[in-house]
Amino acid sequence: MWGLIAQGVKCADCGLNVHKQCSKMVPNDCKPDLKHVKKVYSCDLTTLVKAHNTKRPMVVDMCIREIESRGLNSEGLYRISGFTDLIEDAKMAFDRDGEKADISVNAYEDINIITGALKLYFRELPIPLITYDAYPKFLESAKAVDPDTQLEALHEALKLLPPAHCETLRYLMAHLKRVTLHEKDNLMNAENLGIVFGPTLMRAPELDAMAALNDIRYQRLVVEMLIKNEDILF
């Protein structure tokens, strides 16, 4: 154990200390420890749900619950941005208080603060909700011409997602489907929500700016298809 500080490595999720040479033999499916998982935002999604022993990140459940209780008829829901400082404030509340964070109407009267906090959570994930590994397969589904082929490809793409990512995506798409049922009031259909959530849930693995720009219309299509077919796909 001599010189562990210089030669050792430490798991950021569970705090396990091992010698650098031994680290290759340690399984990577550790049980994250809450005292090492210091925040909610910018934390790996699977790490967060394992640490809190939940099916989905609590920030997703809490924001969606709040939005559905008082925001479904709000015009431009998810499209209209809330005040940035207040969104940052809500983010800090989640990072500080976790599931005890107060995001009620008393704390944030404007529902766009809550939608902004949810979108920010997905944008700040180190690995996007639709992971880099699964990204090409999802894009492939949007490029297919035949609707049946599209659905088949989407079904295969969903199998590539880690369980916590797939469950969170399922829950989010069911929520967005309910948002579209109030389109008469909120003016948000699946296409509009696809425009908002495409780049929020998907990021191109490569950094080529032109390719990333070309992908945007397919990202929009992927989310639009997921919303419209959430009852079949999940």
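We're numbering straight along the sequence, starting at 1. The basis for the numbers below is simple: all heavy atoms, side chains too, and nothing from hydrogens, waters or symmetry mates.
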(request) Starting at CZ of Arg217, measure out to CG of Leu139 and round the result to the nearest 0.5 Å. (result) 10.0 Å
(request) Answer yes or no: is there a donor N or O on one side and an acceptor on the other, between the side chain of Asn112 and the main chain of Leu77, under 3.5 Å? (result) no
(request) To the nearest 0.5 angstrom, please state how far the CD atom of Glu156 sits from the CD atom of Glu140. (result) 10.0 Å
(message) If you apply the rule side chain to side chain contact (heavy atoms under 4.5 Å, CB included), what do you find for Asn186 with Val179, and how did you get there?
(response) CA-CA 8 Å; Asn186 62 35; Val179 169; 3.7 Å; yes
Would you be so kind as to tabulate the donor-acceptor pairs closer than 3.5 Å made by side chains of residues 227-234, with sequence neighbours excluded?
from   : atom 1 : to     : atom 2 : distance (Å)
Lys228 : NZ     : Glu224 : OE2    : 3.0
Asn229 : ND2    : Met225 : O      : 2.9

(request) State which residues pass side chain to side chain contact (heavy atoms under 4.5 Å, CB included) with Pro205; sequence neighbours excluded, sorted by chain then number. (result) Tyr132, Tyr135
(request) Keeping the roles fixed (side chain from Tyr41, backbone from Leu120), state whether a donor-acceptor pair exists under 3.5 Å. (result) no
(message) I'd like to check the ring pair (Phe, Tyr, Trp, His ring centres under 6.0 Å) partners of Phe197; sequence neighbours left out, ordered by chain and number.
(response) Tyr78
(message) Main chain of Ala144, side chain of Gln150: is a donor-acceptor contact present, judged purely on distance under 3.5 Å?
(response) yes
(request) Please round to the nearest 0.5 Å and tell me the distance separating atom CD1 of Ile103 and atom CG of Asp97. (result) 11.5 Å
(request) Hey, could you give me each pair passing salt bridge (charged side-chain N to carboxylate O under 4.0 Å, His left out) that has a residue in residues 100-129? Not counting sequence neighbours. (result) Lys91-Glu124
(request) Could you pull out the closest heavy-atom pair between Ile67 and Ile111, with the gap in Å? (result) CA-CD1, 3.9 Å
(message) For Leu48 versus Pro57, what's the shortest heavy-atom pair and its separation?
(response) CD2-CB, 3.8 Å
(request) Kindly give the heavy-atom pair with the smallest separation between Ser141 and Val222, and that separation in Å. (result) OG-CG2, 4.3 Å
(request) Spell out, as yes or no, whether a donor-acceptor pair under 3.5 Å connects the side chain of Thr200 to the backbone of Val196. (result) yes
(message) Ignoring hydrogens, what is the shortest heavy-atom contact between Val49 and Ala164? Give both atom names and the distance.
(response) CG2-CB, 3.6 Å
(request) Over all heavy atoms of both residues, which pair between Phe122 and Thr168 is shortest? Give the atoms and the distance, please. (result) CE2-CG2, 4.1 Å
(message) I'd like to check the salt bridge (Lys or Arg N to Asp or Glu O under 4.0 Å) partners of Arg203; sequence neighbours left out, ordered by chain and number.
(response) none
(message) Please check this pair: side chain of Asp95 against backbone of Val40, looking for a donor-acceptor N/O pair closer than 3.5 Å.
(response) yes
(message) Testing the basics here: between Ala190 and Thr180, what is the closest heavy-atom pair and its distance to 0.1 Å?
(response) N-CG2, 3.7 Å
(message) One pair to check against side chain to side chain contact (heavy atoms under 4.5 Å, CB included): Glu152 and Thr149. What are the steps and the verdict?
(response) CA-CA 5 Å; Glu152 214 169 291; Thr149 312; 5.6 Å; no
(request) Indicate yes or no: does Glu167 engage Arg170 in a salt bridge with an N to O separation below 4.0 Å. (result) yes
(request) Output every pair passing salt bridge (charged side-chain N to carboxylate O under 4.0 Å, His left out) with a member in residues 65-88, not counting sequence neighbours, ordered by first then second residue. (result) Glu66-Arg70, Glu68-Arg178
